[in-house]
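To keep things clear, I will list the structure first and then write my remarks on it.
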Amino acid sequence: MLGITIALLLFVNGAAQGAMTGTMNGTLEGYLLYIEYIQENDIYLVAVEDYTGEFYDLSLNPGIPVIIDTIPVSPADLRAGLEVYTEITQGQITRLEGYSTSQPGYVSPGSITRQGVVTVIDGYQIKVRLDSGQEETYALAPFTLATRDGAAVPLDVLYAGDRVHLYFDELNTTLVGRIEIQGDSILVSNIYRGQLEAVYDIHSDYMLTDVQVFRNGSWQDHQAMMKIPATYGLPVYLSGHQVPSSYLKYYRSKTIYVVGKNILGKESMDRMIIRNQYEYCYTGKVNKVNWYGGAFEMDNKQNFAFNEGSILIRNGRLQDQYALNSGSDVCVMADGVGGTRMANIIYILNEELNNSSIGQRSLLYGQIDLIEQDGFWLKDFYVLDDNEWQAQHNDRHLFYGSDSAICNTDEQVLLTPGEFWAGDYAIDEDSDYAQDLDLEDWFAYIYTDGDHVTAMAVREEKDALEEQRISTGTVQRTEDDELVGWNVYLCDARDWSNYKNQWMNKSETLRINLEEAVIIKNGVLAEAECLTAGDRLYLVRDDFRARVIIVK
Amino acid sequence: MRRVLLIVLLAGIMLCPLPALAVPPDYAGGINNEYQYEEIVFLSGEPIKFMGSCDVSEKGNGDLKSISYKFSLEPEDKGIEGKLDRRVTYETVYSKYAEQGQTTGQTTVKSCRETVEIGDDKFVLEDYQFSGSDVIDNRPASDFNSGTLVARKYYLINKDEGTALLDISGGTSGYSNFWGRTETQILDYTLRVDRTVVLSNEEGDEEDTRKVSWEGSARVLVSDSTRKSLLYSANNATLSTIPGGHMVVTDREMFSRYDYNLPRMNDGAPSGSSRDKGQIELNTEMLPQVARLIIPKFRDIGGHWAEEDIRRLYSLNVFEGDSPFFLPDTPMSRADFIMAMVKSCNIQVQAEQNSRSRFGSRTKTQETSPFRDVPVTDPRYTSIKAAVERGLIKGSTTGYFMPEQSLTRAQAVTILIRALGFEHNAPAPGYSTQYSDDASIPDWARDSIYVASNIGLIEGNGNRIYPERVMTRAEASAMLVRFLNFLERDLQEDYREDIVLYQ
């Protein structure tokens, strides 16, 4: 042993000379100076300099626990210069800890992820039902990067019901650094009704006959026979009870309801309900919801039970039951006999300008008063509130910039901020100049984000707002008509009724002209050709002609 | 020996291997099934779907592999006259880094010939430059790969009427394990065409030639995915010894999505500044392959909460033995769990066992066990040795494996995470997990427990993880089935759905 120690000391750098530690007990902290494995003795020789500058020669048995920053390592992983803590008995190390990590607990930004479905959006706080089934609350910030279909989007495009991928930049934080929002594959493509003809277990495919699709508020013939695959883990319910997929073959010839989604280039079945008794279909407003009893009452005093198997659709997305509120306009497809009815499908018709409480978007209409270099005043203006134009008896100061889209819809040209400022869109109507040229202030539809103008359409003539309708619908197709320009055909359309204070289903496909419309998609101005089948629109229209279209 | 042969036979019969290829054919965004290949061609300035045949052949092994494609396609729209012939061979040279357990591959194009005819135009490939590189991380339970590629195709149009330059750049992500394999490519195309076109007057007579130039782009997302899943099939007859059983179903599906941005074309020339933007999706599936599995006949698992999981594992031969009792609520031993893991990951041990028996001790040096309590004659030795070699378990400093000792949750989770090679995904040391009993997590298991929790492989029980609690055979079975689901389903979702649906 003495010989080995002498040999070690010859190797130790400079004049360092180790204290003889053959009987040393206790602990030692300092720097590792040297470590060498002596094969014939199956032992490591270790030299340590403590923080006061004393040198110690110690031995380390290969079986002794050695760790660096809580990670067990081999003695061969130790290097001279490492700060160490040792426990020593009779000159032998019984425990050795090294410290190397400069940032304990560091995670690379975005390396912690969670995935789930947004259930509640409360300002910049969201609740997400994770794939594990737990519901967690996370915080978004104005700097949180949001992407949808791989492109950056504003956070206010987020809906309850959206499936998201959250990325965190730090350990144990609830602040989301980046959020990926699933694209259009989240949307319900169709709701089908048909008879279950066959179940192909191996493919997870289902054959349906006498298939009808729910379109424009009623069931319409679709196909005599249709084969549709199921998504992984397809939930199937009958009267509120989940049916194991292996039992489905026993339900052949039963009527089923199917929710379809376009996933990976094909329409797949995302939810299925087997009808048990007779179908009842109602459209109206929900009067009361009894969460404890699992039932709701419509304004016509009809009562419906609901359960975890009930399919609830809002904003084109499947939602959990809590999306149902008193005051919701719904179309209910129920299953039952007599007065006992179970809601199989609850289709919520409500649509708002803002997708959630994150959004501060508003739609204004008024007369432009005074234009400044980066802002203007709007007088006698109206704001679209709860789908109705509400007169505001004051002026409002709005701001525009190079990213504001300003469109002169009379001449079908886009204006630069400079052209808008220099133009005769706002004028002193009492001035000689204005009276000589018969000029008046122009009118504008303005889509804002807070006080900032995102897009506006200026027109010389005033529109009669009381003749306008607020509508929603899903794009079926678009066409570029030689005579009237771009048109869009909307299915599942509905108009807002000021009198009934309710969304009213239209039974026919709606054809709308886009030539004088300002179209907003993903928060920015878009062209008519950017509308694609499946886009859900919220629009202000003057009969056939759309004025403002917002792609939801 | 008979028993070993039986295992090999069973494994071979029950678990049919995955197809050799699970990568999308070529780098054109095309997809194929047994009968037909289809892709979108943008050379004319309009997206045209071509369909036809695709022959694929692979050669080589080890460090050098080549793959050849032969396409013979025609437009799907019979109103368009056209034809596409392409023959291309790619060669990949692999370099293995045994210490790191990684492999890199350099791919170049060895030969290529391509002609595309659309209407009166003929595009002939004059030059094809290609550089692709992949890194493959070979982990015990799964290989993970990531690649980058750049390519350029240079076409002559009608010999002397102009050129088309197609730049391709992008990357690939994939994994491959016994339970499935997926590769997803994201490719960005930019196309520049400079050519002369003949303009016609209103009567349709040729009037003048004009030089036109235009640019287009497309983002192509293509995925090829193969997955094995376990399905249950009930027996319709009741007077049978077979109440029903599991089968392995192997599915293969390809998906492709093209997001393009092209000029609006009129008579071969761009018409104004408006653009034609759109999306085309393609999808195809191959016929699933099925393989029935043996039927467990335990007497003591009926009604047990883990019955289904135990049946699945036994059907897959992950658990073996002929006892009528599984004893689900007794502790799982360390050796039994390791053997089950080795089989779950399909780590090859039988071949070694055979070669050891065939050649005997005369041709090999005397083998020594890494553990004093697991002699080489122990029937579990080869599995335990394979687990040590693959890094599932580490050689003990004391030299003992303690095969009969009960398995703890911390040990089980550590083995699963080591099998995936995910232990390095933990934060830098010096952190705590979310569990209230974090202090009782052994240092060596903290990273694994953190990662397993983060990827959803384990869940706490009332915010506690109970790392030192002994696992019963039933609990270990449930954990193994969750692990197999991760290999089979979670990885596929991550490499396909999560890329396709969010990008």
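Naming convention: chains lettered A, B, ... in sequence-line order (proteins, then strands); numbering from 1 in each chain. As the structure is a prediction and not an experimental result, all values here were calculated from the model.
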At a 4.5 Å cut-off on heavy atoms, which part of A:Ser132 comes close to chain B: side chain, backbone, both, or neither? both
Does A:Tyr247, at its OH atom, have more than 12 non-hydrogen atoms belonging to other residues, nucleotides or ligands within less than 6.0 Å? no
Taking every heavy atom of A:Gly105 against every heavy atom of B:Tyr431, the minimum-distance pair comes out as CA-CB, 3.8 Å
Quick check on B:Arg219 against chain A: is it the side chain, the backbone, both or neither that has a heavy atom closer than 4.5 Å? neither
Heavy-atom closest pair (A:Ile112 atom, B:Tyr450 atom, distance to 0.1 Å) is CD1-OH, 3.3 Å
Side-chain donor-acceptor pair present, B:Glu281, A:Asn262, cut-off under 3.5 Å: no
Side chain, backbone, both or neither of B:Gln279 within contact of chain A (heavy atoms, under 4.5 Å): neither
Between chain B and each of A:Leu130, A:Asp149, A:Val107, count heavy-atom pairs under 4.5 Å; write down the option with the most. A:Asp149
Evaluate the criterion side-chain contact (heavy atoms from CB on, under 4.5 Å) for residue pair B:Gln503 and A:Glu180; output intermediate values, then yes/no. CA-CA 9 Å; B:Gln503 297 292 318; A:Glu180 282 182 352; 3.6 Å; yes
Checking side-chain contact (heavy atoms from CB on, under 4.5 Å) for the pair B:Asp443/A:Ile71: CA distance, chi angles, key distance, verdict? CA-CA 6 Å; B:Asp443 284 341; A:Ile71 308 283; over 6 Å; no
Does any backbone or side-chain atom of A:Ile186 lie under 4.5 Å from a heavy atom of chain B? Answer side chain, backbone, both or neither. neither
Look at A:Pro72, A:Ser108, A:Pro65 and state which one has the largest set of heavy-atom pairs under 4.5 Å with chain B. A:Pro72
Distance (rounded to the nearest 0.5 Å) between B:Asn454 CG and A:Ser111 OG: 8.0 Å
Ion pair B:Lys277/A:Glu527, N-O distance below 4.0 Å: no
Could you have a look at A:Val164, A:Ile68, A:Ile263 and say which one has the most heavy-atom pairs with chain B under 4.5 angstrom? A:Val164
Could you please spell out the steps behind the side-chain contact (heavy atoms from CB on, under 4.5 Å) verdict for A:Gln115 and B:Asp498? CA-CA 10 Å; A:Gln115 218 170 349; B:Asp498 288 356; 2.9 Å; yes
Value rounded to 0.5 Å, distance of OG in A:Ser204 from CG in B:Asp251: 7.5 Å
Of the backbone (N, CA, C, O) and the side chain (C-beta and beyond), which part of A:Arg163 lies under 4.5 Å from a heavy atom of chain B, both, or neither? both
Under 4.5 Å heavy-atom distance to chain A, tell me which part of B:Asp276 shows up: side chain, backbone, both or neither. neither
Tell me the closest heavy-atom pair linking A:Thr70 and B:Gly430, and the distance in Å. OG1-N, 4.4 Å
Check each atom of B:Gln434 against the heavy atoms of chain A and say whether the ones under 4.5 Å are side chain, backbone, both or neither. neither
Point-to-point distance, once rounded to the nearest 0.5 Å, from OH of B:Tyr502 to OG of A:Ser185: 8.0 Å
Nearest 0.5 Å, please: how far is CD in B:Glu497 from OH in A:Tyr232? 11.0 Å
To the nearest 0.5 Å, how far apart are NZ in A:Lys261 and CG in B:Leu501? 9.5 Å
A:Ser102, part contacting chain B, at a heavy-atom distance under 4.5 Å: neither
Any donor and acceptor pair, going by atom type alone, linking the side chain of B:Asn283 with main-chain N or O of A:Leu264 inside 3.5 Å? yes
Below 4.5 Å from any heavy atom of chain B, which atoms of A:Glu529 appear? Answer side chain, backbone, both or neither. side chain
Minimum heavy-atom distance between B:Phe255 and A:Gly265, given as atom pair plus value: CE1-N, 3.2 Å
Tell me, out of B:Pro429, B:Pro288, B:Pro427, who's got the most heavy-atom pairs with chain A below 4.5 Å. B:Pro429
Please round to the nearest 0.5 Å and tell me the distance separating atom CG of A:Leu171 and atom OG1 of B:Thr433. 9.5 Å
Scored by heavy-atom pairs under 4.5 Å with chain A, the best of B:Glu285, B:Arg489, B:Arg275 is B:Arg489
Of A:Cys530, A:Ala151, A:Gly150, the largest count of non-hydrogen pairs under 4.5 angstrom with chain B goes to A:Gly150
Nearest heavy-atom pair of A:Asn172 and B:Ser432: which atoms, and what distance? ND2-O, 4.1 Å
